[in-house]
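Report on the structure given below.
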Amino acid sequence: MVRLNPNYRKLVAGYLFSEIARRRQAFKDSHPEDKIWDLGIGNTTEPLTPAVSEGLEQGVNLLRSPDTYKGYGPERGMNELRESIAEQYFRRHGVDLTPSEIFVSDGAKPDTANIQSIFSPRTSIALQDPVYPVYLDTNVIAGRTGKFDEKTGKYERVIYMPCTEENGFIPEIPSEKAGLVYLCSPNNPTGTVMTRKSLERFVEYAHDHKSVIIFDSAYSDFITESGNLRSIYEIPDARSCAIEVSSFSKNAGFTGVRLGWTAVPNSLVVEGSNPGAVNNVWNRRQSTFFNGASNIAQTGGLLGVLSEKGQEECRELVAHYMGNAEIIRNGLDELGLRFYGGVNAPYIWMKTPDEMLSWDFFDKLLEEAHVVGTPGAGFGPSGEGFFRFSAFGHRNEVEQAMESIKSNLRL
Ligand SMILES: *Cc1c(COP(=O)(O)O)cnc(C)c1O
């Protein structure tokens, strides 16, 4: 007899984004004439830039000719692309990684989801709270957590690292010993970036406790203030205790094209394993479960995104979204609302007025201003009382949304 994996039943019902879609549809049904603006999505909206489109077209052209056609490629990704990531991304930030330490993938979400599977089922996990839901849900499915407690909003056997106004949304190192420590900086949803000092403390913690840090740097290209780290390996000791996951999704508009990478340094060690073993096991996992990222996407990444012209265009693309972030910040400022982020990340994390619950504010914003955002409570218990605005959107839509908020939101 077959049963479903019972851990799926532990997942909290009413996934955040489906509940948002439900409430939005209900509003639409009762107000068919009204336009709804969306500042809720964490999804890119602007078209591919010219150099990036050309890179992708070259990927198709290579497949068109019998001389250059290729089928399956190396599971780790094209050699030239891994070399280019080592050169363009890491060496530019003073980090020396070899191409053999870089694995190309179909995105950062699958990699942050799958990476836990190479560690022992008994490994404990520590997470920022609020958090990008993937890190938590995949560990729930893998059976590393206990039940969800409705009263606290927490799973048993998970170490939550609160990110609050008091600590500037920078987590303290856990007081307990954690196996895997997930860090996302610049952060989704709080829009804040971890300081060098705080990352150094985590690296030291990982060394002391033989933990592994999973560092998600999907938004590193959105950092505008100098002095912030784009890669955790800018801290030299991180090579022996951290895995870094990143993506072409948000900086190059590849959310639908799909391309990312994971760095697993050869010097990374875990209990009972020699240097190189983690890299080998991740390779084994990927070559068993995955057949490589699309070669069209990889050529687009190599000849488009990572070309000099592509890099320049992608910086403009990011600047467009950060311009939206500024419009949102200015609008909230005019209304006297308190908020964080939006300077080194495309998210603005707003404190709800009068300590409103975040879902109540969601309904109020939709009813009064016809704007959709994301309730902070959906990202974890410390997200209650906060609300996420996303800077992904067309300029005129973001402007209209903010005008509507300024004119119609009753504060
Ligand atoms: C959008 C996002 C990603 C990117 O995922 P892809 O699978 O590469 O599209 C990764 N991490 C976080 C925190 C994100 O918000």
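For ligands, and for the atoms within them, numbers begin at 1 and follow the listed sequence. This is a predicted model, so every value here is computed, not measured.
Distance from atom 1 (C) of ligand 1 to its nearest protein heavy atom, with residue and atom name: Lys250 NZ, 1.2 Å. Of all protein heavy atoms, the one closest to atom 7 (O) of ligand 1 is Arg258 NH2, 2.6 Å. The protein non-hydrogen atom at the shortest distance from atom 5 (O) of ligand 1 is Lys109 N, 3.4 Å. In this structure, the protein non-hydrogen atom closest to atom 15 (O) of ligand 1 is Tyr219 OH, 2.6 Å. Scanning all protein heavy atoms for the shortest distance to atom 9 (O) of ligand 1 gives Ser249 OG, 2.6 Å. Of the protein's non-hydrogen atoms, Asp216 OD2, 2.7 Å is the one closest to atom 11 (N) of ligand 1.
Within the 4.0 Å heavy-atom cutoff, Cys184 counts among the residues contacting ligand 1. Look at Ser246 and you'll find every heavy atom at least 4.0 Å from all atoms of ligand 1.
When ring centroids are compared, Phe27 and His370 come within the 6.0 Å threshold. Between Phe387 and Trp349, the ring centre distance reaches or exceeds 6.0 Å. Separation of the Tyr182 and Tyr132 ring centroids does not fall under the 6.0 Å cut-off.
Taking the ring axis of Phe90 as reference, the NZ or CZ atom of Arg92 does not stay both within 45° of it and closer than 6.0 Å to the ring centre.
Checking side-chain atoms of Ser198 against main-chain N and O of Met194 turns up no donor-acceptor pair under 3.5 Å.
If you number the atoms of ligand 1 from 1 as listed, the ones under 4.0 Å from a heavy atom of Gly107 come out as 7 (O), 8 (O). Applying the 4.0 Å criterion to heavy atoms of Ala218 picks out, from ligand 1, the atoms 3 (C), 10 (C), 11 (N). Residue-ligand proximity, Pro110 to ligand 1, at heavy-atom distances under 4.0 Å covers atoms 7 (O).
For the residue pair Lys250 and Tyr219, a side-chain donor N or O sits within less than 3.5 Å of a side-chain acceptor on the partner.
Put simply, the side chain of Val212 does not reach to within 4.5 Å of the side chain of Thr123, judged on heavy atoms.
Screening Phe339, Phe361, Phe379, Phe169 against Phe386 for a ring pair (Phe, Tyr, Trp, His ring centres under 6.0 Å) leaves a single residue, Phe169.
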